[in-house]
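These notes are about the structure you will find just below.
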2 protein chains.
Amino acid sequence: MRGAATEAGTRGFRPVAARRAFEEIARQIRERLASGALKAGDRLPPERELAGAFAVSRNTLREALRALEIAGLVELRKGAAGGAFIRAGGGEAAIAGLADLFRLGAIRPEHLTEARIIVGTEVARLASRRRRAADLAALEANVRAAEEATARGDMSARAEINYEFHRLLARATGNPVLIVLTDALMEMTRHFVNRIGYRPNRYVLPSRRRLLAHLKARDAAAAAREMETMLRRLQRWHLGAYGRGR
Amino acid sequence: MRGAATEAGTRGFRPVAARRAFEEIARQIRERLASGALKAGDRLPPERELAGAFAVSRNTLREALRALEIAGLVELRKGAAGGAFIRAGGGEAAIAGLADLFRLGAIRPEHLTEARIIVGTEVARLASRRRRAADLAALEANVRAAEEATARGDMSARAEINYEFHRLLARATGNPVLIVLTDALMEMTRHFVNRIGYRPNRYVLPSRRRLLAHLKARDAAAAAREMETMLRRLQRWHLGAYGRGR
DNA sequence: GAAGTGTAATTGGTTCAACCATTGAACACA
DNA sequence: TGTGTTCAATGGTTGAACCAATTACACTTC
């Protein structure tokens, strides 16, 4: 400080925004989404026209569209009837974001299995209350497919069908938060299993059959118990394999 | 079908990928992250150099970097010591992705409150088992700040401090999946509350005090019960406001 | 020597003007 | 009717240039 008499201090000052142009553009488009002025299926004007409207170069505008595309808000299609279309959000960005965290090593296998027990148990409970006939049919077809894959020794297909079971169950709850979360947990599990290698076990399929019976009977407590028991066995199985594998 | 003798069908054919250049670049960089060749804090070469290495123009390379930046994997800094730095993932992309879903209307308030009950209850249970002295101190300071904000009638600060309580509790579990998920749920709650307006209530703070006592005593069952009861009351409160407000 | 000051180098941000590649629809033709 | 062709629209990519922020460093000043 040089002169106390002229020093006015810096309180009340904030760092200037210095927001990049493409961020401001993406913000404005997001705003129209939140306000309902833009809804799923709508098409934005062509890039050249949008660039003119925002008074930026086409490159800068493209970076803004790229940001929205990665966030899963718009889909870009080439060709005569192409353009930027507003997507009906399916949560792909959130799923990819969690999968990236796992890839970065921020999430360790025991965190993943713990979260799966928490979410999976409550998904089973809610699904048994809300499942419709169509959900039950889809789940039964899934278990049958798993049995067939096991019979012909196709372990890769078996793993995929198992992930799909959890996704179907989550959809039966009708809660999109649980659906997205389950999808993300399965995506992380897939990465994890790819790393340690899939090892078949004998207790999952019988558990599935018991779970289906509870779902059919709408016995929420029994369904939750069955799922929790199965996931805890799976946790010991996975973490054992991880401990030996690392 | 014209000639059954020459018709071979289309089974086994799949649409060709036609991946865009920037996607392939982002994939390669992601791969290095997953393999551990790149880790948090590392700096990628300057854009001009990278563009040369991938044999693409600088614009295309920038779209790849933009994609990685939006995904939260890298951070771009200007200036002499600038460049693309690998970020220590904090899950911002996943959080933003879920918040976008809420903004798009795919997630309705009852879905949000249901998920909060499930996650919050189990977070309280795990936190009471694993909390350390520092967690307890931070939570106590938070509750004190909430009481002060209430005393001076600052409802906006009060709301923020309340969200922070749940985030702190999630951190005490030590599970990054639960941390990211809680952050995302709080972010969605903030949007929701901003829309319907914050209305103070009298039962949250007493519940906080009881919860702190359970945490201090490491009584997991009581902590979970307290949190679940509070969240269910909050659910009725919020949904009631939403029902009248829409 | 310590602290401030100016300057140059580095690097991301943006612009501009092209051209390429894909897509779908209009259209001609058998 | 259907089949192939042409063409306009639109996103994808390129390359060169300049702007703007940031840092490192030599230089001055006390």
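Letters A, B, ... are given to chains in the order of the sequence lines, protein chains preceding strands, and every chain is numbered from 1. For clarity, every value in this text was computed on a predicted model and none was experimentally measured.
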Nearest heavy-atom approach of Leu65(B) to Ala84(B) is CD2-CB, 4.3 Å
Of the options dT23(D), dT14(D), dT14(C), whose atoms approach the side-chain atoms of Ala80(B) most closely? dT23(D)
Is the Phe102(B) ring parallel, tilted or perpendicular to the His191(B) ring (thresholds 30°, 60°)? parallel
Glu23(B) CD to dG11(D) P, straight-line distance once rounded to whole Å: 16 Å
Rounded to the nearest Å, what distance is computed from the CD atom of residue Glu24(B) to the C1' atom of nucleotide dT13(D)? 16 Å
What are the two closest heavy atoms between Ala64(B) and Ile25(B), and how far apart are they? CB-CG2, 3.6 Å
For His111(A), is there any backbone N or O sitting under 3.5 Å from a side-chain donor or acceptor partner on Asn175(B)? yes
Where Ala138(A) and Leu168(A) come nearest, the two heavy atoms and their spacing: O-CD1, 3.9 Å
Is it the case that Arg66(B) places NZ or CZ above or below the six-membered ring of Phe22(A), under 6.0 angstrom from the centre and within 45 degrees of the axis? yes
Near-strand residues of residues 58-65 of chain B, defined as heavy-atom separation under 4.0 angstrom from DNA chain D: Arg58(B), Asn59(B), Thr60(B)
What is the distance from CZ of Arg77(B) to P of dT23(D), rounded to the nearest Å? 9 Å
dG12(D) phosphate, OP1 or OP2: any side-chain N/O from Arg66(A) under 4.0 angstrom? yes
Assess the side chains of Thr173(A) and Arg130(A): does a donor N or O sit below 3.5 Å from an acceptor N or O? no
Does a sphere of radius 6.0 Å around CZ in Arg32(A) hold more than 12 heavy atoms from other residues, nucleotides or ligands, not counting ones at 6.0 Å or beyond? no
Scan residues 38-50 of chain B against DNA chain D and write down, sorted by residue number, each residue with any heavy atom closer than 4.0 Å; if none is found, say none. Arg48(B)
Heavy-atom nearest nucleotide on DNA chain C for Phe22(A) versus Ala81(A): which residue maps closer to 5'? Phe22(A)
Which whole-number value in Å describes the distance from Lys78(A) NZ to dA21(C) P? 10 Å
